[in-house]
Asks: 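Below you'll find the structure I mean.
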Amino acid sequence: MTAPLFSGRARRSVAALGAVSAGLLVLSACDKPTPLATVTVGSSSVSAQAACRLQGSEKELSEARVQECLSDEKGTEGAKTIDYTAGETLRLGVEPDVVEDGKKWLAAVGTQRLGDLSTNTYQSFPGLNPFSTGGQGAAPEAQPLHIIELSKAGKPTSVWTFNLKLKK
């Protein structure tokens, strides 16, 4: 008869250690999710992760990458949509990570900047009419809404994109 090399207790300890090691290896391969931004109109809300974010050792997004994120063709593709009636209150929120360490954010609808740079996690824009054309043709059916995170140095580090859809 042959004696077992390890006792039952030792085998269970080795198996548990192996499982913990494998779990840590899997977790270390995961990317940290980006902070969420949320758009609320009335009782409807949509949230999304950043469409563009720093990668690897980048300290800021290049101008070309920011323009790509903001362009109608690339930036709004797959973006979450929320219905909006002209004059409603538009509410925007970001997670605290976005304003930590002197960072700020701003929002823009189409080419119209909304408010000033913010260090708050929430902004409200009552009575906004992002579909107004100033009498220059028909109102667009949708407008891109961008939230842009800026580093302490004022350089873009993340861009969230949503679509505001004109509710008739």
Side-chain angles (χ1 to χ4, degrees), residues 27-137 139-167:
L27 285 176
S28 68
C30 296
D31 289 334
K32 181 180 174 188
T34 64
L36 294 176
T38 302
V39 177
T40 303
V41 177
S43 61
S44 299
S45 291
V46 292
S47 295
Q49 291 187 346
C52 295
R53 184 119 171 118
L54 294 180
Q55 296 176 348
S57 62
E58 288 181 310
K59 295 193 186 323
E60 64 184 71
L61 294 175
S62 68
E63 186 175 329
R65 197 150 160 235
V66 170
Q67 289 305 317
E68 182 179 312
C69 294
L70 297 177
S71 73
D72 287 343
E73 297 83 36
K74 296 268 187 179
T76 59
E77 186 177 301
K80 295 195 177 178
T81 299
I82 191 164
D83 289 333
Y84 184 82
T85 302
E88 282 189 286
T89 298
L90 178 68
R91 294 175 179 85
L92 306 176
V94 296
E95 288 188 2
D97 291 0
V98 176
V99 294
E100 287 180 347
D101 303 322
K103 296 184 288 185
K104 298 177 182 177
W105 64 280
L106 64 91
V109 174
T111 58
Q112 175 186 355
R113 183 173 161 175
L114 303 178
D116 295 324
L117 291 173
S118 180
T119 57
N120 297 319
T121 58
Y122 173 82
Q123 284 193 53
S124 179
F125 303 95
L128 186 66
N129 188 0
F131 301 99
S132 175
T133 62
Q136 303 295 317
E141 292 185 19
Q143 285 277 37
L145 167 63
H146 301 287
I147 297 174
I148 304 163
E149 176 185 20
L150 302 169
S151 68
K152 189 175 184 177
K155 303 293 184 179
T157 58
S158 300
V159 178
W160 291 262
T161 301
F162 300 89
N163 286 315
L164 287 181
K165 182 179 175 192
L166 180 59
K167 185 177 178 181

Asks: Might you point out which heavy atoms bring Thr121 and Pro96 nearest each other, and give the distance in Å?
Replies: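 Closest approach of Thr121 to Pro96, heavy atoms only: CG2-CA, 3.9 Å.
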Asks: Over all heavy atoms of both residues, which pair between Thr89 and Ser124 is shortest? Give the atoms and the distance, please.
Replies: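 Result for this residue pair: CG2-OG, 3.2 Å.
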Asks: When rounded to the nearest 0.5 angstrom, what is the spacing between NZ in Lys104 and CG in Asp116?
Replies: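 Atom-to-atom, Lys104:NZ and Asp116:CG are 10.0 Å apart.
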Asks: Treating Glu88 as the side-chain partner and Thr85 as the backbone partner, does any N or O pair qualify as donor plus acceptor under 3.5 Å?
Replies: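 A pair under 3.5 Å: yes.
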Asks: What residues, two or more places apart in sequence or in another chain, satisfy side chain to side chain donor-acceptor pair (under 3.5 Å) together with Ser151?
Replies: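 Not a single residue meets the side chain to side chain donor-acceptor pair (under 3.5 Å) criterion with Ser151.
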Asks: Ser47: which residues meet the side chain to side chain donor-acceptor pair (under 3.5 Å) condition with it, sequence neighbours left out?
Replies: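 Listed in chain order: Thr38.
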Asks: Holding to salt bridge (charged side-chain N to carboxylate O under 4.0 Å, His left out), I want the full list of residues that pass it with Glu141, two or more places apart in sequence or in another chain.
Replies: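 Salt bridge (charged side-chain N to carboxylate O under 4.0 Å, His left out) list for Glu141, sorted by chain: empty.
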Asks: Any idea which heavy atoms bring Ala50 and Trp160 closest together, and the distance?
Replies: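 What the structure gives for the nearest pair is N-NE1, 3.1 Å.
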Asks: Can you pull the salt bridge (Lys or Arg N to Asp or Glu O under 4.0 Å) pairs that have at least one residue in residues 146-161, sequence neighbours excluded?
Replies: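 Salt bridge (Lys or Arg N to Asp or Glu O under 4.0 Å) check on residues 146-161 returns Arg53-Glu149, Lys103-Glu149.
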Asks: By side chain to side chain contact (heavy atoms under 4.5 Å, CB included), which residues pair with Ser44, not counting sequence neighbours?
Replies: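 Partners of Ser44 under the side chain to side chain contact (heavy atoms under 4.5 Å, CB included) test: Ile82.
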Asks: Who are the salt bridge (charged side-chain N to carboxylate O under 4.0 Å, His left out) partners of Arg91, not counting sequence neighbours?
Replies: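 Checked Arg91 against salt bridge (charged side-chain N to carboxylate O under 4.0 Å, His left out); zero matches.
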Asks: Can you pull the disulfide bond (SG atoms under 2.5 Å apart) pairs that have at least one residue in residues 35-66, sequence neighbours excluded?
Replies: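 Found Cys52-Cys69.
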Asks: Answer whether the closest heavy-atom distance between the side chains of Leu114 and Leu90 falls below 4.5 Å.
Replies: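 A side-chain contact under 4.5 Å exists here.
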Asks: Do Leu117 and Leu150 have side-chain heavy atoms sitting under 4.5 Å apart?
Replies: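 Yes - at least one pair of side-chain heavy atoms lies under 4.5 Å apart.
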Asks: Compare all side-chain heavy atoms of Phe131 with those of Gln143 and state whether any distance is below 4.5 angstrom.
Replies: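 Of all side-chain heavy-atom pairs linking Gln143 with Phe131, at least one is under 4.5 Å.
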Asks: I need the minimum non-hydrogen distance between Ile148 and Pro156, along with the two atoms involved.
Replies: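 Minimum heavy-atom separation between Ile148 and Pro156: CG2-CB, 4.3 Å.
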Asks: So which pairs with a foot in residues 33-47 pass salt bridge (Lys or Arg N to Asp or Glu O under 4.0 Å), sequence neighbours left out?
Replies: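 Every candidate salt bridge (Lys or Arg N to Asp or Glu O under 4.0 Å) pair involving residues 33-47 fails, so no pair, neighbours aside, qualifies.
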Asks: Only counting residues at least two apart or in another chain, list the ones meeting side chain to side chain donor-acceptor pair (under 3.5 Å) with Arg113.
Replies: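 Not a single residue meets the side chain to side chain donor-acceptor pair (under 3.5 Å) criterion with Arg113.
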Asks: Looking only at heavy atoms, what is the nearest atom pair of Lys80 and Ala48, with distance?
Replies: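 Residues Lys80 and Ala48, closest heavy atoms: CD-CB, 4.5 Å.
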Asks: Measure from the side-chain N and O atoms of Tyr84 to the backbone N and O of Pro130, and report whether any donor-acceptor pair falls under 3.5 Å.
Replies: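 Absent.
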Asks: With sequence neighbours left out, what residues match Leu54 under side chain to side chain contact (heavy atoms under 4.5 Å, CB included)?
Replies: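 Once residues adjacent in sequence are excluded, the partners of Leu54 under the side chain to side chain contact (heavy atoms under 4.5 Å, CB included) criterion are Glu58, Leu61, Thr157.
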Asks: Using side-chain heavy atoms (C-beta onward) and a distance below 4.5 Å, is Trp105 in contact with Thr119?
Replies: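 Contact flag for Trp105/Thr119 side chains = no.
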Asks: Which residues pass the side chain to side chain donor-acceptor pair (under 3.5 Å) test with Ser45, sequence neighbours left out?
Replies: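 Listed in chain order: Thr40.
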Asks: Are Thr81 and Val46 close enough that some pair of their side-chain heavy atoms sits under 4.5 Å apart?
Replies: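 Heavy-atom side-chain distance check fails, nothing below 4.5 Å.
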Asks: Please report the interatomic distance CG(Leu36) to CD(Glu95), rounded to the nearest 0.5 Å.
Replies: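 Interatomic distance, Leu36 CG to Glu95 CD, rounded to 0.5 Å: 4.5 Å.
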Asks: Please report the shortest heavy-atom distance between Ile147 and Phe162, naming the atom on each side.
Replies: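 Taking Ile147 first and Phe162 second, the nearest heavy atoms are CD1-CE1, 4.2 Å.
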